[in-house]
Amino acid sequence: MWGMIATWRMAAEGVEKGCQILKEKGNAGDAIETAVREVEDFPYYKSVGYGGLPNEEMEVELDAAFMDGDTFDVGAVAALKDFANPVSIARRLSHEKVNSMLVGEGAEKFAHKEGFERKNMLTDRAKAHYRKRVKEVSQTLKPYSGHDTVGMVCLDSQGKMTAATSTSGLFMKKKGRVGDSPIVGSGFYADSRIGGAAATGLGEDLMKGCISYEIVRLMGEGIHPQDACEKAVAKLDRELKERRGEAGDLSLIAMNHKGEWGVATNIEGFSIAVCTEELGVTVYLVTRQEDGHCTMEVASQEWMDNYMKTRMAPIEE
Ligand code: GLY
């Protein structure tokens with residue numbers, strides 16, 4: 001049994017590549033790194049890697065993480081500038097016994113020393129988005145929107161599980177702001193004996209529930225990934241609303257060591273990409289019901305075509 005699940009439709013091409021590796025009995029580390037890199041490299045996804053949206057100083061600062069569910073090795077980078085594939089740097093860091101999470105200049109120094117590819121990650125398109133947003137913010141819009149992290153969980157045929165994330169974080173964030181994505185237990189978690197989970201949404205709120213760990217913990221009690229995701233998301237959403245008056249976007253995916261998977265969200269418009277031994281790469285649209293349960297339908301071809309068209313449409317400034 002093998003499989004991979006990821007946040008957002010943007011992960012589909014990556015999941016396809018990753019699953020090819022799994023099909024050929026490759027390992028969950030290589031599969032997930034390959035899958036995330038594919039998303040990082042695609043310039044039209046504006047919340048991950050190359051083409052990611054900048055902070056308020058017009059710099060692209062990236063966060064990424066990798067976890068090996070056999071050994072609990074974790075590596076992460078945060079506020080990293082000018083490197084092409086943050087997830088690969090995070091994976092390399094996961095082999096370090098200490099200093100395995102690095103931020104800013106320290107992370108860049110490590111990446112340079114280890115020979116990772118330097119790249120200016122700020123595209124003309126991202127600059128255009130920035131200029132447009134500056135104009136909109138001066139009129140009506142809130143600055144902090146757009147935080148579509150790619151988060152993935154992977155199971156290989158040897159039973160190893162991994163989790164990984166990559167994001168440019170909140171659009172217009174303060175320089176140095178770090179969200180949940182590189183924080184173990186919040187943005188991601190993997191335990192090959194149980195399963196893994198990964199998050200997308202508002203990092204500041206996801207972190208308050210250590211929600212990826214919470215989902216893995218629930219799966220460890222024998223709860224199906226779907227119920228574990230729904231339970232954890234509903235609880236955090238409710239508690240945030242009770243204690244703070246509002247809850248940010250919270251969307252989670254999970255897979256257990258048997259290849260069963262689940263998803264939950266508190267927003268409209270969440271999508272996921274999944275692939276297992278039985279199921280070819282499939283994009284699902286997730287709808288949250290009043291009672292917190294989430295239903296899924298396979299994305300239509302029309303939806304898929306429209307998605308790409310919107311992503312690649314010219315930006316009207
Ligand atoms: N979930 C991504 C972030 O808040 O940075």
Side-chain angles (χ1 to χ4, degrees), residues 5-11 36 39-40 45-57 59-67 74 76-81 86-87 89-90 101-104 107 121 126 129-130 133 142-153 163-190 196-215 229 232-233 236-237 240 244 246-254 263-267 269-273 286:
I5 183 165
T7 57
W8 303 110
R9 182 267 170 258
M10 67 177 160
V36 173
V39 189
E40 289 178 337
Y45 296 146
K46 56 186 176 20
S47 51
V48 177
Y50 185 57
L53 293 176
N55 64 16
E56 64 177 17
E57 298 186 18
E59 300 165 324
V60 182
E61 287 189 327
L62 301 169
D63 301 339
F66 172 90
M67 182 166 186
V74 174
V77 290
L80 173 91
K81 282 193 293 190
V87 73
I89 304 169
M101 178 176 182
L102 294 176
V103 306
M121 302 298 271
H129 275 294
Y130 177 90
R133 183 56 60 99
K142 281 199 289 184
Y144 306 124
S145 70
H147 37 72
D148 299 354
T149 301
V150 67
M152 299 193 187
V153 176
T165 57
S166 187
T167 187
S168 51
L170 284 186
F171 185 17
M172 294 289 214
K173 64 191 177 183
K174 292 265 179 246
K175 183 180 172 70
R177 178 263 185 194
V178 176
D180 61 300
S181 304
I183 307 297
V184 60
S186 288
F188 64 97
Y189 199 79
T200 175
L202 183 64
E204 284 75 358
D205 279 359
L206 289 159
M207 284 192 271
K208 292 179 173 76
C210 299
I211 191 157
S212 291
Y213 178 78
E214 174 61 7
I215 289 170
C229 286
V233 169
L236 183 57
D237 182 64
L240 289 168
R244 304 171 60 81
E246 60 181 345
D249 295 0
L250 314 169
S251 301
L252 272 294
I253 47 126
V263 52
T265 185
N266 68 349
I267 63 164
F270 184 46
S271 58
I272 59 167
V286 186

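Just so you know, ligand 1 is whichever comes first in the structure, and atom 1 is the first atom listed for that ligand. The residues of the chain are indexed from 1 along the displayed sequence.
- No donor-acceptor contact under 3.5 angstrom links the side chains of Thr7 and Thr200, judged on distance only.
- Closest heavy-atom approach to atom 5 (O) of ligand 1 among the candidates Glu61, Lys173, Arg177: Arg177.
- Near Thr149, the atoms of ligand 1 lying under 4.0 angstrom from a non-hydrogen atom of the residue are 1 (N), 2 (C).
- Of all atoms in ligand 1, numbered sequentially from 1 with element shown, those under 4.0 Å from a heavy atom of Gly169 are 5 (O).
- You'll find the ring centres of Trp8 and Phe270 inside the 6.0 Å limit.
- For ligand 1, the polar-atom distance check against Gly179 finds no nitrogen or oxygen pair separated by under 3.5 Å.
- Between Lys175 and Glu59 there is a salt bridge, with a side-chain nitrogen of the basic residue lying less than 4.0 Å from a carboxylate oxygen of the acidic one.
- Between the side chains of Thr149 and Thr167, a donor-acceptor pair is found at a separation under 3.5 Å.
- Partners of Asp237 under the salt bridge (Lys or Arg N to Asp or Glu O under 4.0 Å) rule, at least two apart in sequence or in another chain, are Lys241, Arg288.
- Shown in contact with Ser181 at under 4.0 Å from a heavy atom are these atoms of ligand 1, numbered in order with element: 1 (N), 2 (C).
- In terms of N/O distances under 3.5 Å, ligand 1 is approached by Asp180.
- An N or O contact shorter than 3.5 Å is missing between Glu204 and ligand 1 by distance.
- One finds the OG atom of Ser166 at 9.0 Å from the CE atom of Met152 (value rounded to the nearest 0.5 Å).
- Per-residue contacts place Gly201 under 4.0 angstrom from the following atoms of ligand 1 (heavy atoms of the residue considered): 1 (N), 2 (C), 3 (C), 4 (O).
- Salt bridge Glu56/Arg177: absent, no basic N to carboxylate O contact under 4.0 Å.
- Checking only distances, Leu206 never comes within under 3.5 Å of ligand 1, N or O to N or O.
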